[in-house]
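Side-chain atoms are counted along with the backbone in the values below, which use heavy atoms only and exclude waters and symmetry mates.
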Amino acid sequence: MATIQKLYEVCKVSLSTNGPLSSEAVDSICAVLDNVMPSDVGLENDAQSVRSWRSPRALNMKAIFHSSAAIRYRHIYECKSFSIGIFCIPASSIIPLHNHPGMTVFTRPAKIIRDGEMSAPCGTMVIHPTDGGNIHAFKAITPCAILDILSPPYSSEDGRHCSYFRRCQKADPSGILSNRSKGSEIVWLEEHQPPNKFVIKRDLYTGPPLNL
């Protein structure tokens, strides 16, 4: 059975319209996600291009890799319980700070910034809506791809729509609150529209088809 088919099958029995059925269900999904390779989702050619992009012999980056600054999204599957898709992100591109209201997010990054740098291969990250919120952002150091599972998926009808945020520019009380007990800071956020240059284009999924 193809790896992406295994992922679909485990999501189908582990996720509901209210998110994961149990902690064991989350573990089952992560076990499959941890083994997904670029060739399993039709990204082998892109992965080879990135290897060339990073090579010191690469003289013309635009001739080797996709030259557009647009982020591309390859949709794989969606139902009322979950969605599966891939974000292909050019180097230096950013997905701004955004939320996933009431949604559990399974993400397998190639390279992102989230409290530091992470490089593939690495384990699946799971962001729960009850763990202090699931607002986050991505920044690509190199061209990369992120395989994303949302449970349940975005739905405007059910109040699950994407909002973008930035650090609030106003003075107190919408400034920074020191959290001395943890040696960190709490930053007030406000909703805002991302810049016009932020574009996510729909792209064609070229991996193995799912047997539904």
Worksheet item: How far apart are the closest heavy atoms of P194 and P96, and which atoms are they?
Response: CB-CG, 4.2 Å
Item to complete: Determine whether P90 and I71 make a side-chain contact, defined as any pair of heavy atoms from C-beta on separated by less than 4.5 Å.
Response: yes
Discussion item. I'd like to know if the side chain of D203 reaches the main chain of R74, judged simply by a donor and an acceptor atom lying under 3.5 Å from each other, with no hydrogens or angles considered.
Written reply: no
Worksheet entry | Close side-chain approach of F198 to I94, heavy-atom, < 4.5 Å | no
Fill in: Residue among H100, H98, H161 satisfying ring pair (Phe, Tyr, Trp, His ring centres under 6.0 Å) with Y154
H100
Practice prompt. Please check if the side chain of T206 supplies one atom and the backbone of G42 the other of a donor-acceptor pair under 3.5 Å.
Written response: yes
Item to complete: With rounding to the nearest 0.5 Å, note down the distance linking OH in Y77 to SG in C11.
Response: 10.0 Å
Fill in: Nearest-0.5 Å distance, NE2 of residue H192 to CZ of residue F165
9.5 Å
Worksheet item: What distance do S93 atom OG and K139 atom NZ have between them, rounded to the nearest 0.5 Å?
Response: 10.0 Å
Worksheet entry | From SG (C88) to CD1 (I146), nearest 0.5 Å | 9.5 Å
Response to the item:
Looking only at heavy atoms, the pair that brings S14 and I29 closest together is CB-CD1, 3.9 Å
Worksheet item: Going by the angle between their ring planes, with limits at 30° and 60°, are Y73 and H75 parallel, tilted or perpendicular?
Response: tilted
Worksheet item: Less than 4.5 Å apart, any side-chain heavy atom of Y205 and any of I4?
Response: yes
Worksheet item: Counting only N and O atoms by type, is there a donor-acceptor contact under 3.5 Å from the side chain of D40 to the main-chain atoms of M37?
Response: yes
Worksheet item: How far apart are the closest heavy atoms of S81 and S151, and which atoms are they?
Response: O-OG, 2.9 Å
Worksheet item: Does a side-chain N-to-carboxylate-O contact under 4.0 Å join K12 and E9?
Response: yes
Worksheet item: Any side-chain heavy-atom pair from F106 and P20 closer than 4.5 angstrom?
Response: yes
Item to complete: Give a yes or no on whether L147 and L204 share a hydrophobic cluster (residues Ile, Leu, Val, Met, Phe, Trp, Tyr; joining criterion: side-chain heavy atoms under 4.5 Å apart).
Response: no
Worksheet item: Under a single-linkage definition using a 4.5 Å side-chain heavy-atom cutoff for Ile, Leu, Val, Met, Phe, Trp and Tyr, are L21 and I149 assigned to the same hydrophobic cluster?
Response: no
Item to complete: State plainly whether one hydrophobic cluster holds both I76 and L212, where clusters connect Ile, Leu, Val, Met, Phe, Trp and Tyr through side-chain heavy atoms under 4.5 angstrom apart.
Response: yes
Discussion item. Can you give me the closest heavy-atom contact between A2 and P208, atom names plus distance?
Written reply: CB-CB, 4.5 Å
Fill in: Distance in Å, D148 CG paired with S83 OG, rounded so as to fall on 0.5 Å steps
7.5 Å
Item to complete: Could you grab the distance from atom CG of N35 to atom OG1 of T3, nearest 0.5 Å is fine?
Response: 7.5 Å
Worksheet, complete the sentence: Closest non-hydrogen atoms of C144 and A140, given as atom of the first, atom of the second and distance, are SG-CB, 3.7 Å
Practice prompt. Please answer whether the main-chain N or O of N211 pairs with a side-chain N or O of Q5 as donor and acceptor at a distance below 3.5 Å.
Written response: yes
Worksheet item: Taking all atoms of both residues into account, what is the closest heavy-atom pair of S28 and V10, and its distance?
Response: CB-CG2, 3.7 Å
